[in-house]
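Just so we're on the same page: letters track the sequence lines, and every chain starts at 1.
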Amino acid sequence: MPELPEVETVRRGIAPVLEGRVLTRVLARRPDLRIPLPENFAGRIEGRRVEHVGRRAKYLLLRLEGDLVLLIHLGMSGRITIHPGEKLAQIEAGPHDHVLFETDGGDSLVYNDPRRFGLMTLAEGAALDSHPLLAKLGPEPLGNMFTGPHLSSALKGRSSSIKAALLDQRVVSGLGNIYVCEALYRARISPRRKASSVAGARAERLVPIIRQVLEEAIAAGGSTLKDYAKADGELGYFQHNFSVYGRAGEACAAEGCGRPISQIVQQGRSTFFCPGCQI
DNA sequence: ACACGCTCCTGAACGC
DNA sequence: TGCGTTCAGGAGCGTG
């Protein structure tokens, strides 16, 4: 499932195909994803040039000429496949191929999303930061604003678990279930610990670890876990090795530990952690 | 203001 | 083999 590293990998995959190119044809094969597509969605973006492919948290931001931005969220199962040298007419769309794009470079892109937890919408470029989907997002975990003091003050006074706090996109944006589990494991912090007790020294320690976990995943090309594919459609290109996620019952790999990884449920989500290492 | 549960959706995995 | 059930989860929204 796409979290920040996967979205960044998709961004890097599609940017060379899109940047500087005109979207000559856009086909929406259904009126909605998780939320309705904007009125006249295809018509509003057809004929516009893609100036830049950016990212904010887990949102892809396609800046189009005319101060329009196409926001894309991949949700749980969204993927973008590049069809090099193919026109839309040549593509036989499958049942979950919801939105198709063709560029004047002669390539096409297909947005596929079986569970339709993803979304696409349009925003005015000048008011992008105040768009409802982006306005409340916390700092980028790989950016300069995400610091020990920031995290510490965000956690102070929170009665929820540190797991829940790190999943809250207002605290830090872009983390999902997998990388929160991985970061807490590496930081040796229990996911059950109260967020307020992580404020201070533990928060200072956690920030560089979160960065490290994300950077390693990005470097590896993102995760191909389950229904996620690389942007260029190369399935099985990369298998990310998680330390705890999905490893319930397996021995903790930390030196001298070897205790079985636990799986619990927090806020209705699976949490994986080592009850020996993480305090 | 905060915390939590509910909800959307479908395919994969599991159990009988 | 086949059918029914459970689970996975991002994040907006409603409720307490």
Sugar-phosphate, base or nothing in reach of A/I35, heavy atoms under 4.0 Å: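 Contact class for A/I35: none.
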- prompt: So what does A/R116 hit on the nucleic acid, given a heavy-atom distance under 4.0 Å: a base, only sugar-phosphate, or nothing?
  reply: sugar-phosphate
Grab the [atom1]-[atom2] distance between [X] and [N] for me, whole Å please.
| X | N | atom1 | atom2 | value |
| --- | --- | --- | --- | --- |
| A/N112 | B/dT10 | CG | P | 13 Å |
| A/L74 | B/dC9 | CG | C1' | 16 Å |
| A/E3 | C/dG10 | CD | P | 6 Å |
| A/L119 | B/dC9 | CG | P | 15 Å |
| A/D113 | C/dA11 | CG | P | 13 Å |
| A/M76 | B/dG11 | CE | C1' | 11 Å |
| A/D32 | B/dT10 | CG | C1' | 15 Å |
| A/Y59 | C/dG10 | OH | C1' | 8 Å |

statement: When the rotation axes relating C1' atoms of four end pairs to the next four are compared across the helix from B/dC2-C/dG16 to B/dC16-C/dG2, five pairs an end, they differ to 10° by 50°
Candidates [options] - which lies nearest the side chain of [X]:
| X | options | value |
| --- | --- | --- |
| A/S159 | C/dG9, C/dA11, B/dA3 | B/dA3 |
| A/P114 | B/dT10, C/dG10, B/dC4 | B/dT10 |
| A/S270 | C/dG12, C/dG9, B/dA3 | C/dG9 |

task: Taking the side chain as every heavy atom from C-beta outward, state whether A/V171 and A/L151 have any atom pair closer than 4.5 Å.
output: yes
field: Whichever of A/A164 and A/R269 has its nearest DNA chain B nucleotide further upstream toward 5'
entry: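 Nearest-nucleotide comparison on DNA chain B picks A/A164.
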query: If each of A/H96 and A/S160 is mapped to the nucleotide of DNA chain B with the nearest heavy atom, which maps nearer the 5' terminus, i.e. the 5' end?
result: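 Taking each residue's closest nucleotide, the earlier one in sequence belongs to A/S160.
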Whether A/F117 stacks on the six-membered ring of C/dG10 base, 5.5 Å and 30° limits: yes
When you check the phosphate oxygens OP1 and OP2 of [N], does a side-chain N or O of [X] lie under 4.0 Å from one of them?
| X | N | value |
| --- | --- | --- |
| A/Q263 | C/dA8 | yes |
| A/K58 | C/dA11 | yes |
| A/H73 | C/dG10 | no |
| A/S77 | B/dC9 | no |
| A/R158 | B/dC2 | no |

- prompt: Out of A/R269, A/E3, A/K163, A/E182, which one pairs with A/N177 under the side-chain hydrogen bond (donor to acceptor under 3.5 Å, both in side chains) rule?
  reply: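 The passing option is A/K163.
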Are [X] and [Y] linked by a side-chain donor-acceptor pair shorter than 3.5 Å?
| X | Y | answer |
| --- | --- | --- |
| A/E86 | A/S108 | no |
| A/D113 | A/S77 | yes |
| A/R192 | A/Q266 | no |

field: Ring geometry between A/Y59 and A/H73 (parallel below 30°, tilted from 30 to 60°, perpendicular above 60°)
entry: perpendicular
message: Could you report the tightest heavy-atom contact between A/A28 and A/L37, atom names first, then the distance?
response: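 Of all heavy-atom pairs spanning A/A28 and A/L37, the closest is CB-CD1, 3.7 Å.
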field: Pair A/E51 + A/R63, salt bridge at N-O below 4.0 Å
entry: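 Result for this pair is no, no salt bridge flagged.
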